[in-house]
Asks: 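Once you've had a glance at the structure underneath, I'll fire off some questions.
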Amino acid sequence: MTDDVDVAGNLAQVKTQMADAMTHHGFDPDPLPELIAVSKKQPEDRVRAALEAGHRLFGENRVQEAQARWTVLKTEYADVRLHLIGPLQTNKAGDAVALFDMIETVDRPKLVHKLADAMAIQNRHLPVLVQVNTGAEPQKAGVLAEDLDDLVQLCRDRGLDVKGLMCIPPADDDPALHFALLVQMARDLGLKTLSMGMSGDYPIAAAVGATQVRVGSAIFGPRAG
Ligand SMILES: *Cc1c(COP(=O)(O)O)cnc(C)c1O
């Protein structure tokens with residue numbers, strides 16, 4: 001245990017909750033969705049507690065914050081995998097390609113081009129997800145549903161390895177509706193990876209077909225700031 005948060009216990013608890021929700025909805029809970037432990041704005045002792053518990057898959061939403069934390073930790077734990085889950089500015093594309101193992105937030109043509117260029121220069125070809133703004137919220141990142149096919153096609157044309165889709169449902173909507181939409185969009189595009197579900201709704205996401213969930217506070221406790 002670190003301060004008051006039982007990180008190892010919470011990791012186990014989140015997996016149990018996903019298994020229960022999947023079983024309840026008639027899904028085989030083996031395999032479980034991959035659990036991305038979202039370490040943004042968390043104190044280092046909590047992140048280390050997850051590493052010591054054997055967890056190796058983490059999510060960060062800012063390139064610079066992730067560099068500060070993981071450049072060193074990744075040398076200590078060489079098998080750590082990092083997903084970028086926050087909006088990516090084009091001028092950080094190179095840094096993101098150098099640090100992360102998956103970019104989940106591809107959402108516009110300019111970013112596709114910058115990522116493709118950075119991957120070519122670094123000869124580092126990361127898998128990516130396209131983020132969909134399923135609620136068409138003006139302030140939110142993500143491609144609109146009507147532009148999704150063109151963006152996926154552009155990714156493919158530029159040689160990006162698009163594995164699937166990611167979404168963050170509007171705070172006031174029933175998340176299950178947005179998850180169902182994302183499942184349908186991925187099916188139509190022949191894409192397999194679905195990144196959906198956060199601390200408040202990951203059991204639902206697991207029960208409707210998430211292949212990865214992004215869980216922060218339910219593992220690490222409340223964030224600073
Ligand atoms: C912060 C964040 C999460 C995790 O949020 P919690 O509610 O703490 O689980 C998941 N996905 C994205 C895109 C985030 O920015």
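Throughout, numbering of the chain's residues begins at 1 and tracks the sequence. What you see is a predicted model, and the numbers here were worked out from it, not measured in a lab. In listed order, ligands and their atoms are each counted from 1.
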Asks: With sequence neighbours excluded, tell me which residues meet salt bridge (Lys or Arg N to Asp or Glu O under 4.0 Å) with K163.
Replies: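 D161.
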
Asks: With no hydrogens and no angle check, just 3.5 Å: does a side-chain donor-acceptor pair link Q153 and D149?
Replies: no

Asks: Does any pair with a residue in residues 203-214 pass side chain to side chain donor-acceptor pair (under 3.5 Å), and if so which ones, sequence neighbours excluded?
Replies: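 Qualifying pairs: E104-Q212, S195-R214.
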
Asks: Suppose we screen for side-chain hydrogen bond (donor to acceptor under 3.5 Å, both in side chains). Which residues come up paired with R48, at least two apart in sequence or across chains?
Replies: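 Per chain and number, R48 pairs via side-chain hydrogen bond (donor to acceptor under 3.5 Å, both in side chains) with E44, E76.
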
Asks: Let me confirm one number: the CD1-CG distance from I219 to D6, rounded to the nearest 0.5 Å.
Replies: 12.0 Å

Asks: Would you mind writing out a table of all protein N or O atoms found under 3.5 Å from any N or O atom of ligand 1, naming both atoms and giving the distance to 0.1 Å?
Replies:
| residue | atom | partner | partner atom | Å |
| --- | --- | --- | --- | --- |
| ligand 1 | 8 (O) | S217 | N | 2.8 |
| ligand 1 | 8 (O) | S217 | OG | 2.8 |
| ligand 1 | 8 (O) | R223 | NH1 | 2.7 |
| ligand 1 | 8 (O) | R223 | NH2 | 3.3 |
| ligand 1 | 9 (O) | S199 | N | 2.9 |
| ligand 1 | 9 (O) | S199 | OG | 2.5 |
| ligand 1 | 9 (O) | G216 | N | 2.8 |
| ligand 1 | 11 (N) | R214 | NE | 2.9 |
| ligand 1 | 15 (O) | K40 | NZ | 2.7 |

Asks: Taking the six-membered ring for Trp, is the centroid-to-centroid distance between H55 and F58 below 6.0 Å?
Replies: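 H55 vs F58: aromatic centres under 6.0 Å.
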
